[in-house]
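Written below as structure tokens is the structure these notes are about.
Whatever order the structure lists ligands and atoms in, that order sets their numbers, starting from 1.
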Amino acid sequence: MVKDTVTIRNNKTGKEVDLPLEYGTVGTPAVDIGSLNKEIGTFTFDQGFMSTASCKSAITYIDGDKGVLLYRGYPIEQLAKNSSFLEVVYLLMNGELPRENELFSFASEIKQHSMIHEALRVFFNGFHYDAHPMSMMVGVMGSLSAFYHSELDMNDPEHRRISAMRMVAKVPTIAAASHRHSVGWPFIYPRLDLDYCENFMNMMFSLPGQQYIDENNYIDPVAVKALNLLFILHADHEQNASTSTVRLASSTGANPYACVAAGISALWGPAHGGANEAVLSMLAEIGTVDRIPEFIAKAKDKNDPFRLMGFGHRVYKNFDPRATITRETCYEVLEKFPSDDPLFDLMLALEEFALKDEYFIEKKLYPNVDFYSGIIYKALKIPEDMFTVMFVIARTAGWVSHWLEMMSEPSQRIGRPRQIYTGYDVRDYKPVLDR
Ligand code: CMC
């Protein structure tokens, strides 16, 4: 059978090459340009990866025009409605939804790994008292490799699996510890009788004299449901900036804890995971509804770097399906935990204003998942500097799944992009007194 190809011609040299098209199960095909430089002496240039597929992956599929997001083929709406976060983690890591016994043993194993080493707990004391929790997340996640030397043979599938399990299990413990260090509270150990989200809430909010969960083990189901949902929605998003960072770091053979720490660093930026915190700061800065037009004008002004945080997405150009779900959850959560917070009304007014604005309509800028997630976290009493950390907890599932997928492929090569050099051509060194 003749393979579909795309012909590229260098008009300067007249050299031409037929490049094969690669098709996935669904979605846009990609031209395999691997031989381009060898054949016609040309690189491709695609700043920001606007048209470049960086890998093959069977984990997550997005159709940005139709607002479709699938994890292993399952629509995000169905998973959000019916599943638990750990069920989704199992799905992402293993490719299939777990049977009842599989889910039980998976959840039990995660619980067994949820503690952090006492020496690592003490490690937190080295951080400044007002360190941002994200800075602690980067450092502590990276340092895990120092505790598990003996299980870092990345050619051993069991070593890889256990490393991934450890990161998913420990990330809520590390997250809660980062918060508690920043407010000067004693750490709370994980409890084996609680599920993933309950445990996190307990580690975040229990005080020595005041337990978050009462003696009947009651914890508000609306809060747990909302947390579970936000974790599911943020669990994976194919080759986003942080996942691509994890993959690039992994391509060098670096250990998985270091690679995920690199992913946490990439997530921190306000264009990515830092957006949920930035939305709340922006709302506070806007302050009142009558100032919205002023800020919309700033967002449209090309000479002003200000952007409307929580709006726009590289891939979704009609709507973000995760935003539709978080918007609904926002109402449910605020009904249960009524808030006299004026920021909620301000958020709705801003949304309405921007959606009617010609600039936002023309550029297809819609609210993304993080426009609403911050307000939900705020209603759950999660502090603002923890919003991006919440994203880290959820996205660790995606990072480790991509890492496992990548490590299981025998044809791995180091990721090494090329460049268009714009500096000086060769020139001679001059002694310092002659310059
Ligand atoms: N406010 C005002 N203008 C915007 C915005 C915005 N939030 N987003 C994009 N634009 C404009 C941008 O100025 C550009 O205009 P022009 O064509 O005249 O130069 C056009 O829309 C296209 O923007 P872009 O920067 O080329 O688009 P991108 O795909 O590179 O960036 C984005 C996507 C998400 C980084 C960007 O929309 C943005 O900065 N949004 C605000 C930050 C945010 O909410 N991030 C969370 C993303 S969802 C969570 C996650 O997955 O991490």
Side-chain angles (χ1 to χ4, degrees), residues 46-52 59-65 67-69 71 76 134 229-246 263-283 285-286 292-327 347 350-351 353-377 384 387-399 402:
D46 182 16
Q47 203 167 15
F49 295 93
M50 300 300 287
S51 301
T52 298
I59 301 174
T60 291
Y61 174 70
I62 303 174
D63 182 331
D65 292 326
V68 170
L69 170 60
Y71 290 167
I76 193 67
M134 278 297 282
L229 182 104
L230 287 173
F231 283 170
I232 291 173
L233 297 180
H234 284 98
D236 194 39
H237 216 223
E238 51 119 304
Q239 308 311 320
N240 56 84
S242 56
T243 303
S244 300
T245 302
V246 171
I264 298 175
S265 307
L267 189 79
W268 197 354
H272 193 7
N276 52 14
E277 188 179 341
V279 168
L280 268 278
S281 316
M282 175 189 73
L283 291 174
E285 198 188 342
I286 297 175
I292 289 176
E294 181 194 325
F295 280 82
I296 294 275
K298 268 165 77 64
K300 289 162 35 172
D301 181 355
K302 288 286 153 235
N303 298 316
D304 190 327
F306 175 79
R307 281 189 167 199
L308 215 53
M309 299 316 288
F311 269 76
H313 198 274
R314 168 62 62 80
V315 187
Y316 297 120
K317 295 300 176 199
N318 278 320
F319 69 97
D320 177 344
R322 304 166 303 168
T324 313
I325 303 169
T326 37
R327 193 178 193 280
M347 181 191 86
L350 178 62
E351 178 198 40
F353 203 101
L355 287 176
K356 285 186 190 147
D357 189 280
E358 205 40 55
Y359 171 94
F360 286 84
I361 296 170
E362 190 218 315
K363 293 194 185 299
K364 296 181 184 270
L365 299 170
Y366 298 89
N368 57 51
V369 64
D370 286 329
F371 188 65
Y372 309 101
S373 63
I375 287 281
I376 302 177
Y377 285 138
E384 276 174 44
F387 289 0
T388 312
V389 174
M390 304 302 286
F391 201 154
V392 170
I393 300 176
R395 189 54 59 85
T396 297
W399 292 329
H402 282 270

From the candidates Phe49, Tyr359, Phe371, the one that places a heavy atom nearest atom 11 (C) of ligand 1
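Among Phe49, Tyr359, Phe371, the closest heavy atom to atom 11 (C) of ligand 1 comes from Tyr359.
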
Using heavy-atom distances only, which candidate in Glu362, Arg314, Arg307 approaches atom 23 (O) of ligand 1 most closely?
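Selected option, by shortest heavy-atom distance: Arg307.
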
Do any nitrogen or oxygen atoms of Leu365 lie less than 3.5 angstrom from nitrogen or oxygen atoms of ligand 1?
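No, since none of the N or O atoms of Leu365 sits under 3.5 Å from an N or O of ligand 1.
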
Is the backbone of [Y] close enough, under 3.5 Å, to the side chain of [X] for a donor and an acceptor to pair up by distance?
| X | Y | value |
| --- | --- | --- |
| Asp370 | Gly310 | no |
| Arg314 | Gly48 | yes |
| Thr243 | Gln239 | no |

Does the protein place any heavy atom closer than 4.0 Å to [atom]?
| atom | value |
| --- | --- |
| atom 3 (N) of ligand 1 | yes |
| atom 27 (O) of ligand 1 | no |
| atom 9 (C) of ligand 1 | yes |

For [X], which part has a heavy atom under 4.0 Å from ligand 1: side chain, backbone, both, or neither?
| X | answer |
| --- | --- |
| Ala278 | neither |
| Lys363 | side chain |
| Lys300 | neither |

Show the atoms of ligand 1 that are less than 4.0 angstrom away from any heavy atom in [X].
| X | value |
| --- | --- |
| Gly310 | 43 (C), 44 (O) |
| His313 | 34 (C), 37 (O), 48 (S), 51 (O) |
| Asp370 | 49 (C) |
| Ala275 | 43 (C), 44 (O), 45 (N), 46 (C) |

Among residues at least two apart in sequence or on other chains, which ones pass side chain to side chain donor-acceptor pair (under 3.5 Å) with Lys300?
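If we apply the side chain to side chain donor-acceptor pair (under 3.5 Å) test to Lys300, skipping adjacent residues, the hits are Asp357.
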
With sequence neighbours excluded, tell me which residues meet side chain to side chain donor-acceptor pair (under 3.5 Å) with Lys298.
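In terms of side chain to side chain donor-acceptor pair (under 3.5 Å), with neighbours along the sequence ignored, Lys298 is linked to Asp304.
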
Using the six-membered ring wherever Trp is involved, compare the ring planes of His237 and Tyr316 and label them parallel, tilted or perpendicular (cut-offs 30° and 60°).
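Rings of His237 and Tyr316: tilted, as their planes differ by 30° to 60°.
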
Can you find a non-hydrogen atom of Gly48 under 4.0 Å from ligand 1?
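Outside the 4.0 Å threshold, so no.
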
Report yes if some heavy atom in the side chain of Phe231 is under 4.5 Å from a heavy atom in the side chain of Thr396; otherwise report no.
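Phe231 does not reach Thr396 side chain to side chain.
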
